[in-house]
J.: 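One structure follows; several queries about it will come next.
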Amino acid sequence: MAENGKNCDQRRVAMNKEQHNGSFPDPSSVHEKKKRDREERQNIVLWRQPLITLQYFSLETLVVLKEWTSKLWHRQSIVVSFLLLLAVLIATYYVEGAHQRYVQRIEKQFLLYAYWIGLGILSSVGLGTGLHTFLLYLGPHIASVTLAAYECNSVNFPEPPYPDQIICPDEEGTEGAVSLWSIISKVRIEACMWGIGTAIGELPPYFMARAARLSGTEPDDEEYQEFEEMLEHAEGAQDFATRAKLAVQNLVQKVGFFGILACASIPNPLFDLAGITCGHFLVPFWTFFGATLIGKAIIKMHIQKIFVIITFSKHIVEQMVAFIGAVPGIGPSLQKPFQEYLEAQRQKLHHRSEAGSPQGENWLSWMFEKLVVVMVCYFILSIINSMAQSYAKRIQQRLNSEEKTK
């Protein structure tokens, strides 16, 4: 595999150097030109150039829609088959009959799986710039289930989806009936579906790098270009970030399946590099995706689940609240909203939210809701900026090609 990759590198470098009937441009000037273009694109953001950013975003949206329409037009048989299947499913869904109970069960499970898989994709898509849905959705959900399990002494809640409301069952559980394993089993579906989504979100960099390597053309992605520059200057790397990236790259390249599995099995902010590395070195798809799926959806998810469950277990939470109250000066004032929030959650679990809960919204829940809104808005803004910069790159590439033909 390494020899094949070396030959592809030599072909790609040779093709990039051949311009103007065999003339060779100065590599330093080409590098400086790319650097200036990149800096110019990075300035196209909503808070610096709002009008240009919105204009470029709209134009890029039209370009993408046109490209997808063209692709669908050339795959008419697939589109027609999909529409026919969709029509059958719609008819099955709306026609009355004995099959409706199975349809409702399938619909419930499908929506549950799609919800968490979608959140997982949002978390890992975009080479680390995605929405951090574990902190915003899955982590709080596991924490809520953990707190409810210890309060109810049971995990016999209604079947998921229950992020809307968790209510203790009518029959009272016995003290100590809840174990770590029972809580892990209760949130296993949501966590595994989220992990599958994160594994799917790692595929675009893999396919991009693989296509660029096989075609031998200049890659149309800045992350891939930075990856190649990192490989070219690997021997002289001094900073910690570059050395860490090279360590991940070497582990994935030399160890293969188990190297990818090791990187995917631990919370690793540098794993985004693994998809580019595997695509660049032509690692087989199922080797990459299989190791990523096992690592993220099984091993890593159990590590994260256990951490959250232990952190929010009853005695740990009580110790944390007591520790907050022991802070000199501001401790009691900080401790009060935490106690009110926990008490409100207990009352909701026992159907007593109307009678005994404190009036008014707790500032902790208010802050968390505002944090979710801010992060979602930032994610949307990052998409707008990214698409605007993508259209700016199209303009730069067109201008560069026109200069070469003059």
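Numbers here are sequence positions counted from 1. Atom set for the values below is all heavy atoms of this structure, side chains included, hydrogens, waters and symmetry mates excluded.
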J.: Would Glu40 and Arg36 count as a side chain to side chain contact (heavy atoms under 4.5 Å, CB included) if you check the C-alpha gap in whole Å, the side-chain angles of each, and the deciding distance to 0.1 Å?
T.: CA-CA 6 Å; Glu40 182 181 340; Arg36 288 196 303 270; over 6 Å; no

J.: So with a 6.0 Å cut-off around CH2 of Trp47, is the heavy-atom count from everything else above 12?
T.: yes

J.: Any donor and acceptor pair, going by atom type alone, linking the side chain of Gln389 with main-chain N or O of Arg38 inside 3.5 Å?
T.: no

J.: Working to the nearest 0.5 Å, report the span between CD1 of Ile395 and CZ of Arg41.
T.: 11.0 Å

J.: Is the terminal nitrogen or CZ of Arg188 (NZ for Lys, CZ for Arg) located under 6.0 angstrom from the six-membered ring centre of Trp116 and within 45° of that ring's axis?
T.: no

J.: Nearest 0.5 Å, what's the CG-CG distance between Leu293 and Leu261?
T.: 10.5 Å

J.: Can you tell me if CZ on Phe285 sees more than 12 non-hydrogen neighbours from other groups inside 6.0 Å?
T.: yes

J.: Counting only N and O atoms by type, is there a donor-acceptor contact under 3.5 Å from the side chain of Ser70 to the main-chain atoms of Glu67?
T.: no

J.: Given 3.5 Å as the limit, does a donor-acceptor pair link the side chain of Thr53 with the main chain of Val45, or not?
T.: yes

J.: Could you check whether Trp194 and His141 have their ring centres less than 6.0 Å apart?
T.: no

J.: Look only at the side chain of Tyr391 and the backbone of Gln55, and say whether a donor-acceptor pair between them is shorter than 3.5 Å.
T.: no

J.: Would you find a donor on one side and an acceptor on the other, under 3.5 Å apart, between the side chain of Ser182 and the backbone of Val178?
T.: no

J.: On the 0 to 90° scale, with breaks at 30° and 60°, tag the Trp286-Phe289 ring pair as parallel, tilted or perpendicular.
T.: perpendicular

J.: Does any N or O in the side chain of Ser123 come within less than 3.5 Å of the main-chain N or O of Gly120, such that one atom is a donor and the other an acceptor?
T.: no

J.: So how far is it from Asn385 CG to Gln42 CD, rounded to the nearest 0.5 Å?
T.: 11.5 Å

J.: Any chance you could measure Phe307, atom CZ, to Ile142, atom CD1, to the nearest 0.5 Å?
T.: 11.5 Å

J.: To the nearest 0.5 Å, how far apart are CE in Met193 and CD1 in Ile196?
T.: 3.5 Å

J.: Could you check whether any side-chain N or O of Ser386 sits under 3.5 Å from a backbone N or O of Ser382, counting only pairs where one atom can act as donor and the other as acceptor?
T.: no

J.: Apply side chain to side chain contact (heavy atoms under 4.5 Å, CB included) to the pair Leu46 and Leu54, showing each step before the final yes or no.
T.: CA-CA 7 Å; Leu46 280 170; Leu54 291 175; 3.8 Å; yes

J.: Tell me whether Lys296 contacts the main-chain N or O of Thr198 through its side chain, where contact means a donor paired with an acceptor under 3.5 Å.
T.: no

J.: Determine whether more than 12 heavy atoms belonging to other residues, nucleotides or ligands lie under 6.0 Å from atom CZ of Phe57.
T.: yes

J.: How long is the span from the CG atom in Asn43 to the CZ atom in Arg48, to the nearest 0.5 Å?
T.: 5.0 Å

J.: Would you indicate whether Phe207, at its atom CZ, is surrounded by more than 12 heavy atoms from other residues, nucleotides or ligands within a distance under 6.0 Å?
T.: yes

J.: For Cys278, is there any backbone N or O sitting under 3.5 Å from a side-chain donor or acceptor partner on Tyr206?
T.: no

J.: Can you tell me if Ser390 and Glu60 form a side-chain donor-acceptor pair at under 3.5 Å?
T.: yes

